[in-house]
> 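Handing you a structure now.
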Amino acid sequence: MTVEETIREQRRAKLAEIAGLGYALYPHRYDYSHELAALAAAYGGRTAEELEAERTPVRVCGRLVALRAHGKAGFAHLAQQGARLQIYVRQDAVPARDFALWKLLDLGDFIGVAGYLFRTRTGELTVHAETLEFLAKDLRPLPEKWHGLQDVERRYRQRYLDLLVNPGAREVFLRRARLIEALRAAFLARGYIEVETPMMQTLAGGAAARPFTTHHHALDLPLYLRIAPELFLKRLVVGGLERVFEINRNFRNEGISTQHNPEFTMLEFYEAYSDYRVLMDWSERLLAEAAEQVTGARAVAYGGETIDFGRCRRLGLRAAVREFWPGEAGPAPSEEELRDPRAEARLAARYNRVAREAPESRYPPVEIPPVAEPGVILTALFEAIAEPELRQPTIIHDFPLAVSPLAKAKPDEPDWVERFEIYAAGMEIANGYSELNDPEEQRRRFALQLERREGGDAEAHAMDEDYVRALEYGMPPTAGEGIGIDRLAMLLTDSASIRDVILFPLLRPREADVGAGNSEPDDRSAPAASR
RNA sequence: GAGGCGGUAGCUCAAUCGGUAGAGCAUUGCCCUUUUAAGGCAAGGGUUCUGGGUUCGAGUCCCAGCCGCCUCACCA
């Protein structure tokens with residue numbers, strides 16, 4: 001028998017003994033007078049003398065997270081909602097039955113304690129127990145008490161343990177919750193309404209990505225998990241919901257990395273009668289305020305850097321290529337060169353010669369297709385050269401039309417669109433544009449995508465006839481944007497991996513864990529769905 | 001998908017050049033009525049990720065596999 005099995009047997013035996021004392025093993029409730037945090041807030045300032053004079057009666061409950069028995073007495077700490085409180089149990093102050101229970105308690109068990117407040121010799125606010133209730137048993141040993149749970153894999157697979165023993169993990173997810181709360185409040189204050197659009201779609205549109213496929217039995221209908229809510233949200237703008245936002249999951253059937261999880265949370269929003277300039281201004285304020293509300297400051301520490309959301313630089317895409325052009329690849333291209341679509345392949349070739357020689361792949365080579373629409377190669381150059389260098393919050397604006405099938409063209413430059421992306425710490429965290437609302441033009445753009453799709457590009461957009469029809473009913477000038485919540489959460493929690501800000505990131509299931517947690521097989525999901 | 005690194009007791013970690021797998025916490029027993037990493041005495045606990053191979057001898061070296069992490073590719 002392993003140590004763990006031994007402990008489980010021992011604790012089951014203790015559970016039987018607890019039953020023998022007459023306690024319910026899984027009672028239904030405990031009526032407490034204070035949550036632990038509230039109790040500390042209310043009485044944390046009282047002196048020992050005041051507490052002694054008041055003898056304030058309290059009823060508290062929580063999980064035992066520290067246990068120091070001293071024979072005929074003992075101390076323990078209860079934990080509840082992240083707060084801790086010490087209790088003091090002595091044989092001559094509690095009923096004999098409760099003291100027998102005390103002797104049978106293990107770390108991890110849940111109990112309720114009624115007693116009065118006092119301060120110990122060392123000054124700690126403590127409940128002097130007068131009665132104990134048994135609430136629930138922990139049959140398995142908790143991870144070690146001061147190193148916590150270090151194994152990264154187990155932290156992800158058994159997040160409950162991570163949350164239980166690593167205070168930092170709890171803080172990350174509290175911050176994530178505060179971030180979403182702050183963003184939601186900001187949109188509601190701006191007159192937006194929150195909506196939910198289909199996660200299962202018959203056609204996965206709104207982004208360039210490979211979708212997951214699924215199937216509806218009753219309708220015998222193949223379905224895709226959405227890669228973006230964009231086309232549905234804009235249908236709502238057509239329908240007169242002129243300021244809408246959605247915070248929800250997108251699913252993209254692509255690689256996993258420190259910045260990519262197959263399901264991720266996106267805040268996407270659209271407002272009528274605005275353009276991308278309005279959204280650039282608004283996004284800047286939104287990010288600064290969110291950073292401040294979540295972390296207390298606009299400048300946040302991230303991986304040894306300080307990312308200051310209080311200042312957001314703006315840079316054209318072409319200007320960014322010029323600014324970060326590697327010196328080894330010769331002089332940076334001129335503005336005119338960058339405006340010339342025919343020069344793109346030549347510039348990329350010049351860059352690639354350096355990229356291939358650069359140490360440690362600092363500069364990844366870019367692909368140069370034999371025929372490319374204007375701006376495609378330039379965008380690839382931008383991503384290779386500039387993106388990793390954009391450490392401070394930066395708005396990159398104006399993108400090639402060829403990589404933006406849903407964005408409105410710039411009036412003075414038909415091959416370019418009114419689009420921007422926001423970068424911080426080398427990551428793309430937002431993408432917005434003036435929405436294309438000309439149905440004929442949209443149909444042409446879809447047709448171009450269709451050609452690419454037929455040419456083997458699995459990520460090219462499909463034709464969405466209903467979306468074009470919606471546009472034909474008329475969509476006001478509109479601007480829209482998506483903000484990657486997970487990546488923003490990474491920045492605001494100083495997390496190096498997206499998995500650290502997603503409670504249950506996707507991992508390959510292990511045989512021992514099949515049927516548990518997020519690796520649950522399909523056939524077991526049916527009863528849950530019918531609840 | 002490719003490359004690099006890792007997997008030792010329930011947890012956190014050791015183990016020299018290939019030579020008897022250890023420690024702390026946790027667990028069990030005894031003592032202990034103001035401790036807080038409580039303390040003292042004693043005890044139990046190992047498929048060294050899995051399967052092969054080399055060797056007198058493998059946690060250590062070699063091969064294959066599994067899982068994870070990092071980098072790259074794809075992407076947001």
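On a predicted model such as this, the values are computed, not experimentally measured, just so you know. Chain letters run A, B, ... following the sequence lines, proteins first and then strands; every chain starts at 1.
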> For Gly484(A), answer base if it contacts any base atom (sugar-phosphate contacts may also be present), sugar-phosphate if it contacts only those atoms, and nothing otherwise; contact means non-hydrogen atoms under 4.0 Å.
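Counting heavy atoms under 4.0 Å across all strands, no contact is made by Gly484(A).
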> May I ask you to evaluate whether Lys145(A) reaches the phosphate of A26(B), defined as a side-chain N or O under 4.0 Å from OP1 or OP2?
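Yes, such a contact exists.
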> When you match Leu142(A) and Val152(A) each to their closest nucleotide on RNA chain B, which lands nearer the 5' end?
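In this pair, the answer is Leu142(A).
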> Please give the distance between the C1' atoms of U55(B) and U27(B) as a whole number of Å.
39 Å
> When you get a sec, tell me which of A76(B), U34(B), U33(B) is the closest nucleotide to the side chain of Phe118(A)?
U34(B)
> Which listed nucleotide (U12(B), A38(B), C69(B)) is nearest to the side chain of His147(A)?
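Taking heavy atoms from C-beta onward, the closest nucleotide is U12(B).
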> Please confirm whether the shortest side-chain N or O distance from Arg487(A) to OP1 or OP2 of A76(B) is below 4.0 Å.
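It does not, given that no N or O in the side chain of Arg487(A) lies less than 4.0 Å from OP1 or OP2 of A76(B).
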> With respect to the phosphate group of U71(B), does any side-chain polar atom (N or O) of Thr258(A) fall under 4.0 Å of OP1 or OP2?
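So the side chain of Thr258(A) is within the cut-off, an N or O lying under 4.0 Å from OP1 or OP2 of U71(B).
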> Does G10(B) have a Watson-Crick or wobble partner in any strand here, with both distances under 3.5 angstrom, and which is it?
C25(B)
> If you measure only the distance, is there a donor-acceptor pair under 3.5 Å linking the side chains of Arg487(A) and Thr265(A)?
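There is no such pair between these side chains.
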> Check this one for me: any side-chain N or O of Arg499(A) less than 4.0 Å away from OP1 or OP2 of C70(B)?
yes
> Taking side-chain contact (heavy atoms from CB on, under 4.5 Å) as the definition, give me every residue that meets it alongside Leu203(A), ordered by chain and number, with sequence neighbours left out.
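Here the qualifying residues are Ala462(A), Asp464(A).
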> Which part of the nucleic acid does Ala69(A) contact within heavy-atom distance under 4.0 Å: base, sugar-phosphate only, or nothing?
base
> Can you figure out which of U34(B), C67(B), U12(B) approaches the side chain of Thr120(A) most closely?
U34(B)
> Verify the distance criterion only: is there a donor paired with an acceptor across the side chains of Asp398(A) and Tyr433(A) at less than 3.5 Å?
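Per modelled atom types, Asp398(A) and Tyr433(A) side chains form no pair under 3.5 Å.
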> For C72(B), which nucleotide in any strand shown is its Watson-Crick or wobble partner with both distances under 3.5 Å?
G1(B)
> Measuring from the side chain of Ser257(A) (C-beta onward, heavy atoms only), which nucleotide among C69(B), A73(B), C13(B) has the closest atom?
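It is A73(B).
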> Can you check whether Arg68(A) has a side-chain N or O nearer than 4.0 Å to OP1 or OP2 of U35(B)?
no
> Under 4.0 Å between a Lys/Arg side-chain N and an Asp/Glu carboxylate O for Glu435(A) and Lys234(A)?
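Yes, charged N to carboxylate O under 4.0 Å.
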> OP1 or OP2 of C11(B) sitting under 4.0 Å from any side-chain N/O of Arg140(A)?
no
> Report yes if at least one side-chain N or O of Lys14(A) is closer than 4.0 Å to OP1 or OP2 of U28(B); otherwise report no.
yes
> Is Arg90(A) close enough to U35(B) that one of its side-chain N or O atoms is under 4.0 Å from OP1 or OP2 there?
no
> Who does G51(B) pair with, Watson-Crick or G-U, both distances under 3.5 Å?
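Pair assignment: G51(B) / C63(B).
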> Please determine, by modelled atom types, if Thr394(A) and Arg313(A) share a side-chain donor-acceptor pair under 3.5 angstrom.
no
> Stacking between Phe75(A) and the base of A38(B) (centre distance under 5.5 Å, interplanar angle under 30°)?
no
